[in-house]
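First comes the structure, then the notes that go with it.
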Amino acid sequence: MSANEKHSLLKRQIKRHIGNLDSLPEDWEGFIHAIDDAYYQFDHDRKMLERSLELTSQELLATNSAIRAVYERLIESSVDGIFAFDRDFRFTVWNPEMERLSGISRLAALGKSCRAVFPALDASPEDQYFADALAGKTILAPEISFIACESLRALEGSFSPLLSETQEIIGGLAIVRDVTARKVAEEETRRRLAQLEAVNRLSTRLRETLTVDAMLPIIADESAQFLNANSVSIWLYDPIQDELHQVFQRGFPPIQTGIKRTQGISGHVITTGEIYISRDFKNDPLTLDAARAQVPEGLSGVCVPVRAAHQIIGTLFLSVQQPREISARETGPLLILAEIAGNIHRARLNSQTEQRLERLTVLRNIDTAISSSLDLNVTLNVLLDQITGALGFDAADVLLLNPHTHILEMAAGRGFRGASLAHTRLRLGQGLAGRAALDRRVLHVRDLRDRKNEITRQALLTDEACVTYYAAPLFVKGQVKGVLEIFRRSVFEPDIEWNDFLETLARQAAIAIDNTELFNNLQRSNLELGMAYDTTLEGWSKALDLRDKETEGHTQRVTELTLRLARAMDVNAHDLVQIRRGAILHDIGKMGIPDSILLKPGSLTEAEWNIMRMHPQYAFDMLSPIAYLRPALDIPYAHHEKWDGTGYPRGLKGEEIPFAARMFAAADIWDALRSDRPYRASWQPDKIREHLRALAGSHLDARVVEQFLKLDLESDEMR
Amino acid sequence: MKIEQARWTKKKGWEPRAPGGLGAGAQLVLLFGGTRLLKERVELAEIKRAYPQAHVMGCSTAGEIYGTQVTDDSLVATAIHFEHTHVRGASVPIANGDASFQAGEELARAIPHHGLAHVFVLSEGNVVNGSALVRGIAKHLPDHITITGGLSGDGDRFQETFVLWDGEPRQNSIAILGLYSARLKIGYASLGGWDSFGPERLITRARGNVLYELDGKSALELYKQYLGDEAKGLPATGLLFPLSLRTQTGEKGVVRTILAINEAEGSLTFAGDVPEGSYARLMKANFDRLIDGAIGAARTSRDIPLFGARAPELAILISCVGRKLILKQRIEEEVEGVREVMGDGTVLAGFYSYGEISPFTPNAKCELHNQTMTITTFSEN
């Protein structure tokens, strides 16, 4: 509102009806002002309204366009058929997908009544959907049949009411969906499931069969059941005769003669590796003329290759009564069934091979044990480990026959729960093991519980709960050595190769026992011989001691002392044996010294000494031809050599002197000085120690002296 | 019930006569006035002297109702002597809009509940979230107790509002009045008379009573577009286009007006909640319907069976400032419409507010309204 200027309409009105503005009475001013105000307010309000109207129109138009765009996109490009109808059942919406589904154009449908467009509706229960939608219900229609579309098309849909802004029902809306693809997929899924079931059933049943013969009817049954076939036959290829033979038939005529692998329908299937569908077996051009007469009339069917790995091993025929024909789609699973059958057969062969390999490995392991050890315990343990480990038995033992008492005694056992069987003692012929040994043949009891009365060791049943039992006699070179017993706590079903294998196992065990016995005998002979030698040596030494009374007991003492020193200086056991022998024989050379010199009461002349000093050389000359004593020569030959090279007989120096001789020299001096001699009394230990220390580095090896003095020498004498 | 009403203007002083006829007999004085008059406590001591036993409850307004007249910058004092009713009241401060619910709870707990017949509330008008305030009060009151009242005003300035409960008029304050009686009959109604127009818009961003976006676009920009030159008069000119809300739960017809704007945030603060996910439409005034709305509210508040043939003795009219901005010179037509319904025997008091508190109709849930004429009627028998 302008403060100065009155509203133009008011000005005109005043001018027309009253006259001059300036001539208005003063008390009218408030009144005129209010009217002016009202005019301006009215203008303002109207402008606001117009402005609002304009803006709103623009907004609504934009919104409307946007909604229309979405609507058109939704309706027009929908993958579902969409149609709407008003309360008079006349179509108001008809989208392109509806045109496609029904073959009825939008122009032909819009404005027409439902019944006019869909004549089939009258007879259809789906008629009700239209009325239901107008009654406010929403209906899911799993199947819509009134739309007469192409054959085999499956439609589903929904009907719902169309509401106005005021929630009034102004019509109905239907969405129709082509679900053909989904139905087909569902059907396919069902079919695959059936296949899987058949495959599963077949493989389960085949796993329980042991032979190809037992497999054939199962394969035939399952295949026939799958195709709902009347008759079935199986042909297998025989590589030796290079022919196919009918190995199974049901419903087909039996045919005895073989056919060449390139002939007939089978030949075709084997050559191509593909399924062959025949509309009429009897009149099929591939049917062998020779067989044609035997083929019944009115059979159509299929011939399927039976494979094992990549090889076709035969064919499977299935037939149905005409006019039914087997379609290619139905035959897919047959290939799988046939292949499974072939592969299971092959797998069984494989598992036999594996078993054989395993048994060979067991034999080889036992063999290795026998050849690498002569300890019977070790060999038997390997044998029993293999039986309870690789062969999967629960327990096993070896009973050895005592050749003197003729009693079978437990030598080794494995896998037993208790210790009661460790004391097994059976006479030949007594109990199951005794009988096996006596009869010299494998004894098998499938279930020990059935033969309670014959069992002498009840612990087998009670403590050990054994079920299956084998006793294999161990004999070699006609002699029974013992019995191998094998136990299982469940029933064991052996294959045909098992008995042969068990016998081989037993033979191996027998050989091991025999080997060990031979070795033990040999070792015993060796030991006896060695002992005889040593006794002889001691005899010689004693003879010398007897001759040289002065050294009574000296040999024995100095031998012990040298051995103690050698042990303290970490000499190995083998060398200790030689040191012992050497020490015993240290003065053996003196045998060659004449009594006149050896036993001479007074002192020796230089010439006599020269002879005396010959005794190490005599020892060498005497003993070196004896191979057995050659390693023991160090002491007899070199025990008078001195560290500084002043000794005899060779004047060896330092470490040229054999170690054994150096040790012996120290021990010899100690024992000599500790003993009384006709010409002097024995020395006190401390004096001897001092003496030895003095000799270290000149006569004696200082390292040896040091070690020698560490020995507890006096207490040893006390003993 | 005895009622005495007087109006004070600078030009004419008190009319028809200075207050005080009821003297110590008055238990309650309702005082509605211009912001400046309340702020400066003009005539306040006079009124208290005139009614020494009365509680004085009041607030600043955007226009005072005195009979069928609507004036600005005046004081209207309505003194009441109840014969079968007694009153209790309290006031609490409110720091900001977020504290509205809590303030409501505090108020409800500040008065006794035994014998309570009705609750009347006057609130700060610029920052309060009236919806939250009403929920806070209602939470602690017995279910059958009705709540009416309004948000105080500040002309068309939207700057400062005052609320009075005894003592001094205060900013950021809310007052509650409890009426205790078995013989007090209360009627109430709220009607708008605005038309929704234009497209329905989704509230895509809002928090409490602050609105940021409609259909993903700035709400403030939308208002500016519609207001054109009037946009510079925001927030007052926002009252020309209230929002009509349709909530997701199907609740409809709640009207919201703008209390404040925030240019920096591009947001609009409304007198009540504007929940995200609700649909909003702009509304525009329709003169005839505004007036019809007031008349309709008057009928509803009067025509309750309890009153029988008798007209109510007192009607408190709380009408929205938006109506006044629209109706301008014709504002008194809506008060006259109410008078025609009520008849001459009813004393009309009240004010133009920044928000109205009342159920739409008897037995409905109490709510905060905007742009309505809300009438509470009282009678004792």
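Bear in mind the structure is a predicted one, so any value in this text is a computation, not a measurement. Chain naming here is simple, since letters A, B, ... match the order of the sequence lines and numbering starts at 1 in each.
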* So what's closer than 4.5 Å to chain A heavy atoms on B:Leu222: side chain, backbone, both or neither? ->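 B:Leu222 touches chain A through side-chain heavy atoms alone.
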* B:Lys284 versus chain A, the contacting section by heavy-atom distance below 4.5 Å ->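 For B:Lys284, the side chain is the part near chain A, not the backbone.
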[atom1]/[X]: more than 12 non-hydrogen atoms of other groups inside 6.0 Å:
{"X": "B:Asp229", "atom1": "CG", "value": "no"}
{"X": "A:Gln13", "atom1": "CD", "value": "yes"}
{"X": "A:Lys11", "atom1": "NZ", "value": "yes"}
{"X": "B:Arg281", "atom1": "CZ", "value": "yes"}
{"X": "A:Glu29", "atom1": "CD", "value": "no"}
{"X": "B:Lys10", "atom1": "NZ", "value": "no"}

When rounded to the nearest 0.5 angstrom, what is the spacing between [atom1] in [X] and [atom2] in [Y]?
{"X": "B:Asp215", "Y": "A:Thr63", "atom1": "CG", "atom2": "OG1", "value": "7.5 Å"}
{"X": "A:Arg51", "Y": "B:Gln225", "atom1": "CZ", "atom2": "CD", "value": "7.0 Å"}
{"X": "B:Phe197", "Y": "A:Thr56", "atom1": "CZ", "atom2": "OG1", "value": "4.5 Å"}

* To do: Inspect the contact between A:Glu59 and B:Arg201 and indicate whether a charged nitrogen and a carboxylate oxygen are less than 4.0 angstrom apart.
  =>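 Yes, B:Arg201 and A:Glu59 are salt-bridged.
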* **Which atom of A:Asp45 lies closest to which atom of B:Ile326, heavy atoms considered** =>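 Closest pair (atom of A:Asp45, atom of B:Ile326, distance): OD2-O, 4.4 Å.
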* Identify the heavy atoms of A:Met48 and B:Tyr226 that sit nearest to each other, and give their distance. =>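 The answer is CE-O, 4.0 Å.
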* Asked: Contact part of A:Leu53 toward chain B, heavy-atom cut-off under 4.5 Å: side chain, backbone, both or neither?
  ->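 Answer is neither: A:Leu53 stays 4.5 Å or more from chain B.
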